[in-house]
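Take a look at the structure below.
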Amino acid sequence: MSSISLFTTAQIVTPPRTTIKQNYHPPPTDKLAFLIDKSKTIRELLQIHAFLLRHGMENHPVLNFKLQRSYSSLGHLQHSTTLFRQTETRNVYFYTTIIHSHTISGLHSEALAYYIQMLSEYVEPNAFTFSALLKGCPFESGKSLHCQAIKLGFDLDTYVRTALVDIYARHCDVISARKLFDTMPERTLVSLTAMITGYAKNGNVDEARALFNGLDERDVVCWNVMIDGYTQYGRPNEALDLFRHMLLSKVKPNEVTMLSILSACGQLGALESGQWVHSYMQNNGISISVLVGTALIDMYSKCGSLEEARMVFDGMKFKDVVAWNSMIVGYAMHGFSQEALELFKDMRRKFLQPTDITFIGILNACAHAGLVSEGWGFFRSMEDEFGIDPKIEHYGCMVNLLGRAGHLEEAYELIKNMSIDSDPVLWGTLLGACRLHGNLNLGEEIVKFLVEHDLANSGTFVLLSNIYAATGNWDGVARVRAKMKETGLQKEPGCSSIEVNNKVHEFLAGDLNHPKSEKIYKMIDEMNEWLKAQGYSPMTDTVLHDIEDAEKERSLEVHSEKLAIAFGLISTKSGRTIKVVKNLRICMDCHNVAKLISKITGRKIVVRDRNRFHHFVDGLCSCGDYW
DNA sequence: GTAATTAGGA
């Protein structure tokens with residue numbers, strides 16, 4: 001490399017300082033500046049630095065400045081600050097750079113301290129200084145800096161404005177962000193992207209899309225922001241759709257795009273799309289970094305392919321705790337409890353410190369295998385051994401574990417004695433366990449408690465109604481129905497999806513909107529014939545039905561997962577596995593139906609519900625009917 | 001003869 005040879009030549013021809021001859025001329029500063037900018041290692045920088053010292057050039061403003069900048073961009077903030085302290089005349093460039101170096105390391109109070117020092121030394125800040133200060137800074141100091149920027153007249157600068165838009169939007173003040181954005185003297189792609197990000201991060205994905213659609217040029221960042229907006233707000237199908245548009249545009253996706261898209265595929269259980277993305281990366285030079293690897297493991301486990309998840313996991317050179325967590329959670333999700341616990345042991349042997357997510361994984365593993373005492377052991381070790389405070393989710397795992405195993409009172413005591421606030425999900429878990437074990441008394445006691453403390457939601461009533469139904473108390477069912485109608489509470493609609501030929505098809509209960517609806521319902525009829533022949537009678541689902549006419553009743557009776565399975569049967573080759581994703585927990589009836597259908601058709605059926613995976617093979621489910 | 005703003009894995 002020419003730059004390196006120039007550098008070494010310079011070093012070789014340089015005699016010791018004492019013997020410098022009068023006709024010796026050091027390399028011109030532009031060449032030295034070039035070398036500093038080209039340096040890729042701290043070693044090279046230190047050598048140049050030494051060279052400057054030997055030649056008495058250490059106070060050269062530009063070279064010194066570049067050195068300081070390169071130190072911090074190579075991750076050696078310490079060297080940067082040392083050099084900064086030794087610099088005699090610190091102008092606005094030096095200050096801006098040292099501030100920027102701290103900002104990008106997340107050291108905002110240090111950055112502010114430098115700003116104050118700068119003012120006390122009467123060095124005047126400029127717009128550059130402000131954009132460096134503002135980037136990602138906390139809301140309170142952001143607002144103060146906004147005031148300062150106005151006073152000093154920098155708030156109209158495009159960079160400063162963009163950073164301000166970003167700060168207000170990121171801290172949920174989209175209105176102010178939009179005002180700042182609308183009054184900008186000049187909009188740029190970056191400021192538009194900041195505004196789109198603001199909408200997307202606050203859940204206003206449609207407003208984000210409207211701005212996005214108005215762009216006449218789009219770079220990879222704004223595509224990524226928009227795609228990730230859909231992914232993060234539960235609209236993964238739209239994320240995939242937009243990704244397809246991106247592929248048609250001239251903009252090449254990068255690693256960030258992959259992270260969003262893999263997450264979307266995982267949410268959808270879209271294995272074919274996920275595999276396609278994986279091979280796309282291999283063919284387009286996007287390497288499997290620890291981030292991408294983790295996203296792949298997550299995607300493959302959520303799409304039901306633990307084998308591929310494990311292959312990615314084993315193929316990763318460097319694995320951090322997040323990567324281990326995703327594999328552990330993956331095993332737990334599929335009910336491979338022993339494998340999850342085994343992996344936890346491996347992780348400990350490598351002296352990796354578990355995190356709260358690790359415990360979500362292993363506590364779920366215990367729950368799926370009914371390992372009550374082991375679960376308690378892990379739960380207690382969180383605080384005692386690892387210093388991790390259990391969060392509501394960990395209590396959720398424990399209540400699920402205890403509840404499923406029939407330790408209802410123990411679970412109830414655990415919730416009542418928690419040091420943190422409970423939430424409806426946690427109580428819902430316990431109510432679900434009460435239904436499972438037909439414990440009406442405790443169920444009623446809990447609901448009473450929840451209503452008194454204004455903690456009840458629609459789920460609470462649905463569960464109570466289910467408990468009544470399970471115990472044959474039809475009056476109770478009717479009362480709850482009336483109560484829900486009166487309070488206007490709605491049940492969250494069940495939705496199932498299935499991927500066929502790279503396209504994800506979604507079904508609601510009783511859905512008639514699918515183009516192949518007619519064939520699907522014919523298939524349902526056929527399925528019912530098969531089931532009858534096997535001596536199966538449907539479990540009367542008594543929850544929340546409108547029984548106005550026979551047709552309507554029938555359509556409501558068809559749960560979304562049955563529609564998805566029927567669609568899978570008619571649109572995939574015989575013998576192929578049918579993979580369905582459901583947003584709620586699978587009900588007992590559908591679980592029974594899936595078992596029988598797997599036996600009758602000889603097909604493997606995989607259902608991912610809100611809680612875990614169910615692999616139905618030849619009339620049996622991997623959950624052992626315990627979920 | 002120097003500098004700044006937008007995206008990211010469980």
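In the text below, chain A, chain B and the rest are named by the order of the sequence lines, each starting its count at 1. Keep in mind it's a predicted model, so treat the numbers as computed, not measured.
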How long is the line joining [atom1] of [X] and [atom2] of [N], in whole Å?
X: Leu211(A); N: dT6(B); atom1: CG; atom2: C1'; value: 13 Å
X: Asn364(A); N: dA10(B); atom1: CG; atom2: C1'; value: 13 Å
X: Leu145(A); N: dT5(B); atom1: CG; atom2: C1'; value: 15 Å
X: Lys201(A); N: dT6(B); atom1: NZ; atom2: C1'; value: 10 Å
X: Gln68(A); N: dG1(B); atom1: CD; atom2: P; value: 19 Å
X: Phe359(A); N: dA10(B); atom1: CZ; atom2: C1'; value: 15 Å
X: Glu186(A); N: dA4(B); atom1: CD; atom2: C1'; value: 14 Å
X: Phe313(A); N: dG9(B); atom1: CZ; atom2: C1'; value: 14 Å

| request: Please confirm whether any donor atom in the side chain of Asn224(A) sits under 3.5 Å from an acceptor in the base of dG8(B), or the reverse. | output: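 Donor-acceptor pair under 3.5 Å: no.
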| query | So, does the side chain of Ser131(A) form a donor-acceptor pair with the base of dT5(B) at under 3.5 Å? | reply |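 No.
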| query | Taking only residues two or more places apart in sequence or in another chain, which ones pass salt bridge (charged side-chain N to carboxylate O under 4.0 Å, His left out) with Lys345(A)? | reply |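 Salt bridge (charged side-chain N to carboxylate O under 4.0 Å, His left out) check on Lys345(A) returns Glu342(A).
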| said: Applying salt bridge (charged side-chain N to carboxylate O under 4.0 Å, His left out), can you list everything that pairs with Glu121(A), at least two apart in sequence or on another chain? | reply: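 In terms of salt bridge (charged side-chain N to carboxylate O under 4.0 Å, His left out), with neighbours along the sequence ignored, Glu121(A) is linked to Arg90(A).
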| message | Under 4.0 Å, counting only non-hydrogen atoms across every strand here, what does Ser326(A) touch: a base, just sugar-phosphate, or nothing? | response |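 Sugar-phosphate contact only - Ser326(A) comes under 4.0 Å of backbone atoms but never of a base.
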| said: Just to be sure I understand the rule, does Asp30(A) reach a base, reach only the sugar-phosphate, or reach nothing, if contact means heavy atoms closer than 4.0 Å? | reply: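 No contact.
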| query | If we only count heavy atoms from C-beta on, is the Arg69(A) to Ser73(A) side-chain gap below 4.5 Å? | reply |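 Answer no - side chains too far apart.
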Sub-4.0 Å heavy-atom contacts from [range] onto DNA chain B, ordered by number:
range: residues 239-267 of chain A; result: Asn254(A), Glu255(A), Val256(A), Leu259(A)
range: residues 84-119 of chain A; result: Tyr93(A), Thr96(A), His100(A)
range: residues 277-307 of chain A; result: Val290(A), Leu291(A), Thr294(A), Asp298(A)

Which donor-acceptor pairs under 3.5 Å do the side chains of residues 104-112 of chain A make with protein atoms, sequence neighbours left out?
residue, atom, partner, partner atom, Å
Ser105(A), OG, Ser101(A), O, 3.1
His108(A), NE2, Gly136(A), O, 3.0

| message | It should be established whether Lys135(A) places a side-chain nitrogen or oxygen under 4.0 Å from OP1 or OP2 of nucleotide dT5(B). | response |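 Yes, within the criterion.
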| message | Under 4.0 Å from OP1 or OP2 of dT2(B): is there any side-chain N or O of Arg69(A) that close? | response |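 So the side-chain polar atoms of Arg69(A) never come under 4.0 Å of the phosphate oxygens OP1 or OP2 of dT2(B).
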| task | Indicate yes or no: does Asp346(A) engage Lys319(A) in a salt bridge with an N to O separation below 4.0 Å. | result |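 The answer is no: the pair does not qualify as a salt bridge.
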| said: For Asp241(A), is there an ion pair with Arg244(A) - N to carboxylate O distance below 4.0 angstrom? | reply: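 Salt bridge between Arg244(A) and Asp241(A), a charged N being under 4.0 Å from a carboxylate O: yes.
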| message | Just to verify, what does Lys302(A) make a side chain to side chain contact (heavy atoms under 4.5 Å, CB included) with, not counting sequence neighbours? | response |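 In terms of side chain to side chain contact (heavy atoms under 4.5 Å, CB included), with neighbours along the sequence ignored, Lys302(A) is linked to Asp298(A), Met333(A), Arg608(A).
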| request: Could you name each residue pair satisfying side-chain hydrogen bond (donor to acceptor under 3.5 Å, both in side chains) that touches residues 287-296 of chain A, not counting sequence neighbours? | output: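 Of all non-adjacent pairs touching residues 287-296 of chain A, those that pass side-chain hydrogen bond (donor to acceptor under 3.5 Å, both in side chains) are Glu255(A)-Ser289(A).
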From the list [options], which nucleotide is the closest neighbour of the side chain of [X]?
X: Asn325(A); options: dA3(B), dT5(B), dA10(B); answer: dA10(B)
X: Phe128(A); options: dA3(B), dT5(B), dG9(B); answer: dA3(B)
X: Val190(A); options: dA10(B), dG9(B), dT6(B); answer: dT6(B)
X: Val322(A); options: dT2(B), dG9(B), dG8(B); answer: dG9(B)
X: Pro61(A); options: dG9(B), dG1(B), dT5(B); answer: dG1(B)

Throw together a table of side-chain donor-acceptor distances under 3.5 angstrom for residues 192-200 of chain A, partners on residues two or more places apart or in other chains.
residue, atom, partner, partner atom, Å
Thr193(A), OG1, Leu189(A), O, 2.6
Thr197(A), OG1, Thr193(A), O, 2.5
Tyr199(A), OH, Arg178(A), NH1, 3.1

Show which side-chain atoms of residues 385-395 of chain A pair as donor or acceptor with protein atoms under 3.5 Å away, not counting sequence neighbours.
residue, atom, partner, partner atom, Å
Lys391(A), NZ, Asp356(A), OD2, 2.7
His394(A), ND1, Lys391(A), N, 2.9
His394(A), NE2, Asp356(A), O, 2.7

| message | Under the ring-ring contact (aromatic ring centres under 6.0 Å, His included) definition, can you give me all pairs with a residue in residues 216-253 of chain A, not counting sequence neighbours? | response |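 Matches after skipping sequence neighbours: Phe212(A)-Trp223(A).
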Quick one: side chains of residues 147-157 of chain A, donor-acceptor pairs under 3.5 Å with protein atoms, not counting sequence neighbours, listed by atom name and distance.
residue, atom, partner, partner atom, Å
Gln148(A), OE1, Tyr115(A), OH, 2.5
Asp157(A), OD2, Tyr159(A), N, 2.9
Asp157(A), OD2, Val160(A), N, 3.1

| task | Give the minimum heavy-atom separation between Thr429(A) and Gly396(A), together with the two atoms involved. | result |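 Between these two residues, the closest heavy atoms are CG2-O, 4.2 Å.
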